[in-house]
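Just so you know, ligand 1 is whichever comes first in the structure, and atom 1 is the first atom listed for that ligand. If you're wondering where the values come from, they're calculated on a predicted model, not measured in any experiment.
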Amino acid sequence: MKNAYVNRIWEEVKAKNANEPEFLQAVEEVLTTLEPAVDKMPELEPNAILERMVEPERVIMFRVPWMDDAGNYHVNRGFRVQFNSAIGPYKGGLRFSKEVNLSVLKFLGFEQVLKNSLTTLPMGGGKGGSDFDPHGKSDKEVMRFCQSFMTELYRHIGADVDVPAGDKNVGGREIGYLFGQYKRIRDEYTGVLTGKGLTFGGSLIRTEATGYGLIYFAREMLKVKGQDFKGKTCVVSGSGNVAQYAAEKLIQLGAKVVTLSDSSGYIYDADGITQEKLDWVKELKCVKRGRISEYAKQFPSAKYFEGKKVWEVKCDCAFPCATQNELLEADAEMLLKNGCKLVAEGANMPSDNAAVAKFQAAKIMYAPGKASNAGGVATSGLEMSQNSERLSWSAAEVDAKLDSIMCNIHDNCLNTAKRFGLTDGEYINYQAGANIAGFVKVAEAMIAQGLV
Ligand code: NDP
Ligand code: 2IT
């Protein structure tokens, strides 16, 4: 890194957080692209803005004891990382997964600060979760875990303080149990969580929002080049919330979606996944909580590849929608070799920094998750607005707002890239555009609010 201030911060972050690889990866990705902005903003260093941007305002860590159906006791670790509240209450999801630790949640919280800034809505950034894995647990076990988790978390959150939502392995079922326990302990009915059920304050289109928003963003990228999705072959990884609705919107826009995956392997459907097949997947994943391999048993046009990743499939566009570091340098090389021209991230940090470097060097269209997956949290912001005014907007109204927010984010990334000379002919560096646009707004708010 050439800028002396950026370089100093990077060395300090590495020294202080040496045992947090995911957090370091996320910070490095951002710092390497911020230099053009930092060069032009001499006020950042005397205000210690970068120092404060890389340090969470508060980290809460707690014990979560719970009992399984057989009466055995278990203890998991719970977290909430309240990263930055310069532009609004902390906002961000909860992840329940074996992989959850401070490094993972700090990377997610750090990304969330910039992502929420891009949404144009007044939301700070936070993230939380637990190393509890709901796979294979009964509904009652999940309920008891969620109640115990909230029995500590409730004192740290609130509709104007910190508003959690779902993330990996935290969907409608978990949010329902968490909300019920919060309401019971606090004895108040507020929009303290988003992603709630439609009968108790949830917003229409929140379930669809991350996946739909991703495809709205990618549609805008194609539009810049005079293209659209009709007839394009698309690979999608994951088969959870984000993947399902990314695939759905792609199908609606005329693309041919040929893959879905989970952590065991992927399915390739040569005929393309139709809405009917996707409805079957939704039932499989959300109700039966089954594995994607079952798709190949159900539909003869599909094959299942155990232990493999979707990136080996020839495609025009790729949408990583599963998890961090699922798309590495060799995967990027494979995609490029097979002619892939667009990668838009539904997951958070799915491509590692070496893979991103390959996309940028090849000058394909590449959208970083913090811009292209921001539709989920943006619609959470719309759920907060509806809860505050005690009203529910129609699906069409929320979807139109989501679409317009994604267009705004796209244009903001594009125009910021142009302003800082990060375009080259047809090529647009959306990654740097997103990081700079997200960062500058938060930095300006922090400077205005003094040393806090
Ligand atoms: P879900 O839990 O609904 O789905 C996750 C999917 O990814 C599952 O199919 C899961 O399979 C699969 N998966 C998990 N780990 C791996 C792995 N190592 N390799 C391949 N597949 C894997 O989560 P979401 O869809 O909500 O989240 C997916 C990503 O999108 C995450 O990175 C999340 O942070 C991000 N995101 C989510 C938003 C939201 O609103 N939900 C908003 C913005 C970003 P398995 O069952 O085997 O674990
Ligand atoms: O990563 C994310 O943006 C989310 N998991 C959604 C967060 C939210 O508050 O809706």
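Within a 6.0 Å sphere centred on CZ of Arg52, other residues, nucleotides and ligands contribute more than 12 heavy atoms. More than 12 heavy atoms of other residues, nucleotides or ligands lie within 6.0 Å of CZ in Arg289, so this atom counts as buried by the packing criterion.
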Problem - side-chain contact (heavy atoms from CB on, under 4.5 Å) between Ser372 and Tyr430, intermediate numbers included - result: CA-CA 10 Å; Ser372 50; Tyr430 284 97; over 6 Å; no
Practice task
Take Asn348 and Asn373 through the side chain to side chain donor-acceptor pair (under 3.5 Å) test and state the conclusion after the steps.
Solution key: CA-CA 8 Å; Asn348 287 306; Asn373 75 32; 3.1 Å; yes
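Aromatic ring centroids of Phe149 and Phe79 lie 6.0 Å or more apart. Between Tyr295 and Tyr304, the ring centre distance reaches or exceeds 6.0 Å.
At a 4.0 Å cut-off, not a single heavy atom of Ala374 sits close enough to ligand 2 to count as contact. Residue Gly166 places every heavy atom at 4.0 Å or more from ligand 1. Within the 4.0 Å heavy-atom shell around ligand 2 one does not find Met123. A heavy-atom separation below 4.0 Å is not found between Arg95 and ligand 2.
Each of the atoms 38 (C), 39 (C), 40 (O), 42 (C), 43 (C) of ligand 1 lies under 4.0 Å from some heavy atom of Thr210. Every atom of ligand 1 is numbered from 1 in the order shown, and the set under 4.0 Å from a heavy atom of Gly346 is 30 (O), 35 (C), 36 (N), 44 (C). In the vicinity of Ala165, heavy-atom distances shorter than 4.0 Å reach the ligand 2 atoms 8 (C), 9 (O), 10 (O). Close contacts between ligand 1 and Ser239 involve ligand atoms 9 (O) [criterion: under 4.0 Å to a heavy atom]. Heavy-atom contacts of Ser261 reach the following atoms of ligand 1: 9 (O) (cutoff under 4.0 Å).
Of the listed options Thr379, Asp262, Asn241, Val104, Asp262 places a heavy atom closest to atom 10 (C) of ligand 1. Of all the listed residues (Ala347, Ala322, Gly238), Ala322 holds the heavy atom that lies closest to atom 28 (C) of ligand 1. Comparing Lys115, Arg95, Lys127, Lys168 by heavy-atom distance to atom 23 (O) of ligand 1, the nearest is Lys168.
Ranking protein heavy atoms by distance to atom 4 (O) of ligand 1, first place goes to Gly240 CA, 3.3 Å. At the shortest separation from atom 17 (C) of ligand 1 among protein heavy atoms lies Thr323 CG2, 3.6 Å. The nearest protein atom to atom 4 (C) of ligand 2, hydrogens excluded, is given as Lys127 NZ, 3.7 Å; this is a heavy-atom distance. Residue, atom and distance of the protein heavy atom nearest to atom 7 (C) of ligand 2 are Gly93 N, 3.5 Å. Of all protein heavy atoms, the one closest to atom 19 (N) of ligand 1 is Ser263 CA, 3.8 Å.
Distances between N or O atoms of Pro164 and those of ligand 2 include no value under 3.5 Å. Not a single N or O atom of Asn373, backbone or side chain, sits closer than 3.5 Å to an N or O atom of ligand 1. The shortest N or O to N or O distance between Asp167 and ligand 1 is below 3.5 Å. For the pair Gln324 and ligand 1, the shortest N or O to N or O distance does not fall below 3.5 Å. In terms of N/O distances under 3.5 Å, ligand 1 is approached by Asn169.
Proximity of His135 to ligand 1, defined as any heavy-atom pair under 4.0 Å, is confined to the side chain (atoms from C-beta onward). Looking at Lys115 against ligand 2, only its side chain comes within 4.0 Å, counting heavy atoms. With a 4.0 Å heavy-atom cut-off, ligand 2 is reached by the side chain of Asn348 but not by its N, CA, C or O. Only backbone heavy atoms of Cys321 (N, CA, C or O) come within less than 4.0 Å of ligand 1; its side chain stays farther off. Within the 4.0 Å heavy-atom criterion, the part of Arg206 lying near ligand 1 is the side chain and not the backbone. Residue-level proximity to ligand 1 for Val242 is carried by backbone and side chain together, each with a heavy atom below 4.0 angstrom. Contacts between Arg206 and ligand 2, counted as non-hydrogen atom pairs separated by less than 4.0 Å, involve the side chain only. The proximity of Lys309 to ligand 1, defined as any non-hydrogen pair under 4.0 Å, does not occur for either the backbone or the side chain.
Between Ser237 and Pro320, the closest heavy-atom pair is OG-CA, 3.2 Å. Met406 approaches Tyr216 most closely through the heavy-atom pair CB-CB, 3.9 Å.
Between the side chain of Asn435 and the backbone N or O of Thr33, no donor-acceptor pair lies under 3.5 Å. Here the side chain of Asp331 pairs no donor or acceptor atom with the backbone of Trp311 at under 3.5 angstrom.
The shortest distance between side-chain heavy atoms of Asp269 and Thr259 does not fall below 4.5 Å.
A side chain to side chain contact (heavy atoms under 4.5 Å, CB included) with Tyr182 holds for exactly one of Leu153, Thr190, Thr151; it is Thr190.
For the pair Lys249 and Tyr212, the cation sits on the ring face: its NZ or CZ lies under 6.0 Å from the ring centre, inside 45° of the axis. For Lys308 and Tyr266, the positive end is not near the middle of the six-membered ring at less than 6.0 Å and at most 45° from its axis.
Using a cutoff of 4.0 Å between basic side-chain nitrogens and carboxylate oxygens, Arg291 and Asp262 are scored as salt-bridged. A salt bridge is defined here as a Lys NZ or Arg NE, NH1 or NH2 lying under 4.0 Å from an Asp or Glu carboxylate O, and Lys106 with Glu20 meets this definition.
Of the N and O atoms on the side chains of Gln386 and Ser203, at least one donor lies less than 3.5 Å from an acceptor on the other residue.
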